[in-house]
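In this chain, residues are counted from 1 in sequence order.
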Amino acid sequence: MGSERMEMRKRQMSVHQEAVSATQAQQGVGNRGSNACCFCWCCCCSCSCLTVRNQDDERTRRSSNEIRGHGIPNWEESPSPTLEDVYSWGQSFDKLMTTPAGRNAFREFLRTEFSEENMLFWMACEELKKEASKNVIEEKARLIYEDYISILSPKEVSLDSRVREVINRNMLEPSQRTFDDAQLQIYTLMHRDSYPRFMNSAIYKNLLQTLSESPADS
């Protein structure tokens, strides 16, 4: 009888020790979670370094979205072109590209050829040149690279390997002129390839005809 009581007491003490050990282990995990560093073995959401990193990532995404949100509009505001304006577009690609109305008409044509990204890239480079803030320049340069230079982008523009190497070097310290070589190459491509077809397109001819007939209708 006495041996049975001794055995029961041993089992009770064993259960008690296991309960105490389990409680201490839970407290240890809780303390480690609240004070964990980036080398902690667990990925608990209470890790302070992960919280800071997530906050930094969120700020970066928010900044990128804000810059993209204030980027190139689908249609530039401009006065309606005159007949003289439209005639001048046919005489000079430079004149076409320096007027918002001309760029709008050309963009409309490029959409039909699925090459609007060339104009969007050129315009993004022009916007980059207007920036003075180092942080904004770096962020805009990164977005331009992701949107138009990266081979993973659906809007990637066609550039030769030499220009790509120049861009990659420039991206180490982005500036307003990071994409100058690429912008010139795309401008030349549009001038030689897309512009002649634009001049023979229904978009340009219809615009020219509409403006030619408008005085007679008034």
task = Would you mind listing every ring pair (Phe, Tyr, Trp, His ring centres under 6.0 Å) that reaches into residues 141-176, with sequence neighbours excluded?
result = Phe121-Tyr148
ask   = Hey, does Leu128 have a side-chain heavy atom less than 4.5 Å from the side chain of Arg177?
value = no
ask   = When clusters are formed by joining ILVMFWY residues with side-chain heavy atoms under 4.5 Å apart, either directly or through shared neighbours, do Leu184 and Val166 land in the same one?
value = no
request  = Please report the closest heavy-atom contact between Val86 and Pro81, naming both atoms and the distance.
outcome  = CG2-CB, 4.1 Å
inquiry  = Between Ser153 and Ser150 (side chain of the first, backbone of the second, donor and acceptor by atom type, cut-off under 3.5 Å), is there such a pair?
reply    = no
Under the side-chain contact (heavy atoms from CB on, under 4.5 Å) test, residues paired with Ser88 that sit two or more places apart = Lys95
ask   = Looking at Lys155 and Asp147, what are the two nearest heavy atoms and their distance?
value = CB-O, 3.3 Å
key: Side-chain heavy atoms of Glu139 within contact of Leu143, under 4.5 Å   = yes
task = Report yes if some heavy atom in the side chain of Met97 is under 4.5 Å from a heavy atom in the side chain of Trp122; otherwise report no.
result = yes
ask   = Run the salt bridge (Lys or Arg N to Asp or Glu O under 4.0 Å) check on Glu138 and Lys134 step by step: do they pass?
value = CA-CA 6 Å; Glu138 290 179 351; Lys134 185 176 184 295; 2.5 Å; yes
key: side-chain contact (heavy atoms from CB on, under 4.5 Å) between Thr178 and Ile137, worked out   = CA-CA 10 Å; Thr178 293; Ile137 289 171; 5.9 Å; no
ask   = If you take all heavy atoms of Ser212 and Tyr87, which pair is closest and at what distance?
value = OG-OH, 4.4 Å
inquiry  = I want to know whether Phe109 and Tyr195 have ring centres closer than 6.0 Å.
reply    = no
request  = Could you go through the side-chain contact (heavy atoms from CB on, under 4.5 Å) check for Lys205 and Met199 one step at a time?
outcome  = CA-CA 7 Å; Lys205 291 180 178 179; Met199 297 309 305; over 6 Å; no
key: Pairing of Glu126 and Lys130 as salt bridge, 4.0 angstrom limit   = no
ask   = Which atom pair, heavy atoms only, marks the closest approach of Val157 to Ile149?
value = CG2-CD1, 4.4 Å
note = All heavy atoms of Ile144 vs all of Ala124, minimum pair found to be CD1-O, 3.7 Å
ask   = Just wondering, do Asp85 and Thr99 contact through their side chains at under 4.5 Å, heavy atoms?
value = no
ask   = Taking atom OG1 of Thr112 and atom CZ of Arg197, what is their separation to the nearest 0.5 Å?
value = 9.0 Å
key: Thr188 side chain reached by Asp193 side chain, heavy atoms, under 4.5 Å   = no
query = With sequence neighbours excluded, what pairs up with Arg169 under the salt bridge (charged side-chain N to carboxylate O under 4.0 Å, His left out) test?
reply = none
query = Rounded to the nearest 0.5 Å, how far does CG of Leu159 lie from CG of Leu189?
reply = 9.0 Å
Among Tyr204, Phe93, Trp89, the one residue meeting ring pair (Phe, Tyr, Trp, His ring centres under 6.0 Å) with Phe106 = Phe93
request  = Would you check, one step at a time, whether the test side-chain contact (heavy atoms from CB on, under 4.5 Å) holds for Asp181 with Arg162?
outcome  = CA-CA 10 Å; Asp181 286 4; Arg162 180 194 67 81; 3.7 Å; yes
request  = Kindly say whether Glu131 contributes a backbone atom to a donor-acceptor pair with the side chain of Gln176 at under 3.5 angstrom?
outcome  = yes
ask   = Using 4.0 Å as the upper bound for N to carboxylate O, is an ion pair formed by Arg164 and Glu156?
value = yes
request  = Heavy atoms only: give me the nearest Ser78-Asn104 pair and the separation to one decimal.
outcome  = OG-ND2, 3.9 Å
message = Set out, in order, the CA-CA distance, both residues' side-chain angles and the distance that settles side-chain contact (heavy atoms from CB on, under 4.5 Å) for Leu208 and Leu83, then state yes or no.
response = CA-CA 7 Å; Leu208 198 61; Leu83 182 60; 3.9 Å; yes
query = With a 4.5 Å heavy-atom cut-off, do Lys129 and Asp180 have their side chains touching?
reply = yes
query = Got a second to check how far Glu127's CD is from Lys140's NZ, nearest 0.5 Å?
reply = 5.5 Å
message = Let's go through Asn118 and Ser115 carefully: what are the C-alpha distance in whole Å and the side-chain angles of both, what is the deciding distance for side chain to side chain donor-acceptor pair (under 3.5 Å) to 0.1 Å, and is it a yes or a no?
response = CA-CA 6 Å; Asn118 290 330; Ser115 59; 4.5 Å; no
task = Answer yes or no: are there more than 12 heavy-atom neighbours, outside Asn206 itself, under 6.0 Å from its atom CG?
result = yes
task = Mind checking the CG-CZ spacing from Asn74 to Arg107? Nearest 0.5 Å is all I need.
result = 6.5 Å
key: N/O donor-acceptor pair under 3.5 Å between Arg111 side chain and Glu116 backbone   = no
